[in-house]
Amino acid sequence: MSPDHILKTEIQKALSSLFGQSTDQFQLQPTNQEFEGSHTLVCFPLTKISRKNPEETAKLIGDYLVAGSGVVERFNVVKGFLNLVLKDSVWVDVFRGIYANADYGRLPDNGQEVMVEYSSPNTNKPLHLGHLRNNFLGYSVAELFKANGYKVHKVQIINDRGIHICKSMAAWKLFGNGETPENSGLKGDHLVGKYYVIFDKTYKAQISELMNNGLTEDEAGKQAPIMVMAVDMLRKWEQKDEDTVALWKMMNSWVYKGFEATYARMGVDFEKLYYESDTYLLGKEEVLKGLGKDVFFKKDDGSIWVDLTSDGLDQKVLLRSDGTSVYMTQDIGTAILRFRDFPKIAGQVYTVGNEQEYHFKVLFLILKKLGFEWAKRCFHLSYGMVDLPTGKMKSREGTVVDADELMQEMVDEAEKQTRAIGKIGDWEEKEAKELFEMIGLGALKFFLLKVDPKKRMLFDPNESIQLQGFTGPFIQYTHARIRAIVRKAESMDITVSDDDLKSIVSLEPAERDALNQLSLFETRLKEAAKEYSPAVIANYAFDLAKEYNKFYQNIPIFSEADPSKLKFRIAFSRAVADTIRKAMGLLGITVPDRM
RNA sequence: GGUCCGGUAGCUCAACUGGAUAGAGCAUCAGAUUUCUAAUCUGACGGUUCGGGGUUCGAUUCCCUGCCGGAUCACCA
């Protein structure tokens with residue numbers, strides 16, 4: 001039972017007893033630091049039922065709670081704000097509940113299922129910084145839903161088909177000389193990406209050459225030999241030409257192997273992969289069905305459209321005049337297929353950048369028009385672009401930061417800084433490597449997740465590797481220090497029972513603050529899922545670590561003479577460490593026992 | 001041009017959906033402490049919340065208007 005919950009019940013009792021009517025329309029918020037108390041009741045809205053001014057209303061409720069509720073120690077009123085000080089016994093009881101509950105921070109199964117899509121890369125180049133935000137975000141939101149009692153299905157759609165991969169294929173055929181990941185030592189996705197870049201360079205050179213020969217830019221773009229080749233490959237692929245399909249399969253398999261390694265290091269996983277090459281025909285069928293039901297219309301050239309002007313949007317093409325499908329068509333098919341594969345899911349979450357907001361608005365609207373009632377339970381988890389201090393970062397421009405390289409740099413930096421501090425001199429090499437990995441990736445993940453997903457954010461490589469402040473490593477370090485305390489207690493054979501905790505009658509202010517923070521975990525957890533925002537959890541973890549550090553600074557645990565207090569503080573430390581570990585786990589971050 | 005986001009301390013971000021004197025981290029300056037892991041803690045400094053109107057007990061938050069930045073409006077994905 002959380003303190004919030006207890007107080008709300010008591011306040012409702014007070015209201016009906018004092019004013020003859022109750023309401024749940026009141027705000028209970030954290031008390032500002034400058035005032036005494038942990039919870040504040042905002043009394044302005046209550047003047048309607050109290051028919052007194054805010055101060056009097058607050059005082060009446062305060063007096064009632066002190067006299068009758070048994071949970072409020074004292075109170076103060078500032079303007080219309082009623083600041084409540086809870087009895088220490090309440091905090092102790094709250095803590096006993098948390099300590100006894102191994103599942104604290106994991107809400108009971110609610111019987112619902114949800115699907116989360118994330119990552120969904122193209123197969124012509126390696127993952128970059130933007131993908132990192134996508135993957136960490138998607139993974140974390142999936143974990144948040146799990147902790148809120150949902151069964152979660154993590155999936156992605158792999159855009160394995162289309163002109164982009166044909167470009168890499170064409171360049172490899174022309175300039176590859178049989179290069180493979182095995183004989184070059186290059187990671188598969190990087191190898192294919194290399195040829196995508198070669199394509200681009202060659203293409204540009206050919207265009208300018210053709211333009212020098214008098215062609216317009218448009219003509220040159222279409223006639224450039226390497227582009228002609230790529231388009232031809234796409235056509236052949238759709239006709240299932242044996243050689244083309246074989247080349248496509250080979251190069252895709254290189255990419256998949258490369259992606260697997262990247263995902264493994266990121267610590268993300270998927271239950272099921274959807275491939276565009278398997279699903280793109282399905283969308284086409286559904287569009288044709290919709291044409292029969294008058295949802296869509298056909299133009300004279302044979303192309304098929306949907307008219308969304310009555311919904312304030314434009315017309316949108318769904319099948320080209322040559323009968324081939326576009327991006328939207330495929331997404332229609334994939335969505336339908338997923339609800340067929342997982343009929344019990346309550347909804348679907350698409351983790352995709354905010355440049356595609358219009359696309360998803362249209363997609364969900366079309367699905368609704370096609371009569372799928374689940375369309376309203378599809379949600380676009382939209383996130384902002386990641387900028388670099390030097391300028392914008394976008395895959396079309398040359399300034400991409402490669403995901404594999406960045407992760408390695410973070411781990412290298414973690415190693416450099418950790419070795420410089422010199423606490424791991426006697427560690428096994430293997431253990432040390434694991435630690436650098438935890439810190440490097442923890443820093444990266446925390447930095448990308450601490451910002452509201454909707455917002456565009458700045459990734460500053462220099463700042464991100466700072467191991468102080470609002471960072472993952474700061475929290476990891478706090479955890480390691482707490483674990484040291486717990487280890488020491490274990491070596492002293494100190495055990496804690498519920499009776500030990502029960503005997504505590506008073507708390508230090510620093511304990512109360514940290515305990516208050518600890519008790520907020522499940523509230524934050526619900527908020528985070530509701531808002532699809534791991535940032536809520538990142539902030540929570542940071543606040544908890546900070547509060548514990550204050551406690552740690554002020555209270556010398558092992559010089560405590562009173563054995564029950566000593567035990568309480570050890571139990572408390574253990575609970576904080578556990579909660580930090582759980583909260584960070586929701587962000588996909590592991591925390592070390594020592595560092 | 002239409003639509004949708006965003007604009008908060010020098011910098012990076014918060015502000016529980018309308019609540020108190022707008023908070024953290026970094027940076028800067030001053031201090032504590034050398035332990036239960038100092039990768040810590042305590043202070044100080046820092047604000048016309050882009051400008052201007054409106055709504056009410058009360059606005060960073062809601063409405064109108066102007067300015068700035070971004071995204072999007074393809075028979076690309």
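Protein chains get the first letters and strands the later ones, always in sequence-line order, with residue 1 at the start of each.
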Geometric class of the A:F447/A:F459 ring pair [parallel <30°, tilted 30-60°, perpendicular >60°]: perpendicular
Short side-chain N/O contact to B:rA14 OP1/OP2 from A:K450, under 4.0 Å: no
Nearest to side-chain heavy atoms of A:Y477, which nucleotide of B:rU40, B:rC16, B:rG70: B:rU40
Separation of B:rU61 P from A:K455 NZ (nearest whole Å): 13 Å
Minimum-distance nucleotide (side-chain atoms of A:L458 versus B:rU37, B:rC13, B:rU17): B:rC13
Nearest-angstrom distance, P atom, B:rU40 to B:rG53: 46 Å
Gap in Å between the two C1' atoms, one belonging to B:rA39 and one to B:rG25, rounded: 15 Å
Polar pair under 3.5 Å, donor/acceptor by atom type, side chain A:D314, base B:rA74: no
Residue-phosphate contact under 4.0 Å: A:Q468 side-chain N/O, B:rA39 OP1/OP2: no
Candidate nucleotides B:rC57, B:rG18, B:rA77, ranked by approach to the side chain of A:F44 - the nearest: B:rC57
Base B:rA20 to side chain A:T40, donor-acceptor N/O within 3.5 Å cut-off: yes
Nearest-angstrom distance from the residue atom NZ of A:K546 to C1' of B:rA14: 10 Å
From B:rU3, B:rC16, B:rC41, nucleotide with atom closest to A:E527 side chain: B:rC16
A:R481 side-chain proximity, nearest of B:rC4, B:rC13, B:rU40: B:rU40
Sugar-phosphate only, base, or nothing, as touched by A:Q29 at under 4.0 Å among non-hydrogen atoms: base
NZ or CZ of A:R594 within 45° of A:W427 ring axis and under 6.0 Å: yes
Atom-to-atom span, CD of A:E547 to C1' of B:rU40 - whole angstrom: 14 Å
Test: A:D452 and A:K455 ion pair at under 4.0 Å: no
Whole-Å distance separating the OH atom of A:Y196 from the C1' atom of B:rA77: 10 Å
Ionic contact status for A:R524 with A:E527, cut-off 4.0 Å: yes
Selected nucleotide, minimal atom distance to A:E355 side chain, candidates B:rG18, B:rA71, B:rU37: B:rA71
Nearest-angstrom distance, C1' atom, B:rA32 to B:rA71: 50 Å
OP1 or OP2 of B:rC41 under 4.0 Å from side-chain N/O of A:N549: yes
Value in whole Å for how far the C1' atom of B:rG31 lies from CD of A:Q553: 13 Å
Nucleotide of B:rU21, B:rG25, B:rU40 approaching A:K79 most closely (side-chain heavy atoms): B:rU21
Gap between atoms OH and P, on A:Y358 and B:rA74 respectively (whole Å): 7 Å
Distance, rounded to the nearest Å, where A:F360 contributes CZ and B:rC5 contributes P: 18 Å
Phosphate-side-chain proximity, A:R320 and B:rA77, N/O vs OP1/OP2 below 4.0 Å: yes
Residues A:R419, A:E415: salt bridge by 4.0 Å N-O rule: yes
Atom P, compared across B:rC41 and B:rU48: separation rounded to whole Å: 29 Å
Aromatic plane relationship, A:F568 with A:F572 - under 30° parallel, 30 to 60° tilted, over 60° perpendicular: parallel
Nearest-angstrom distance, C1' atom, B:rG7 to B:rA22: 16 Å
Torsion-based syn/anti label for B:rU17, 90° from 0 as limit: syn
Candidates B:rA20, B:rA77, B:rU42 - which lies nearest the side chain of A:K550: B:rU42
Axial cation check for A:F558 ring with A:K488, 6.0 Å and 45° limits: yes
Among B:rA20, B:rU72, B:rA39, the nucleotide that comes nearest once only the side chain of A:M595 is considered: B:rA39
Pairing partner (Watson-Crick or G-U wobble, both distances under 3.5 angstrom) of B:rC57: B:rG19
Integer angstrom distance from the P of B:rG10 to that of B:rG6: 22 Å
Whole-Å distance separating the CZ atom of A:R161 from the C1' atom of B:rA77: 10 Å
Donor-acceptor pair (no angle test) under 3.5 Å: A:E34 side chain, B:rU21 base: yes
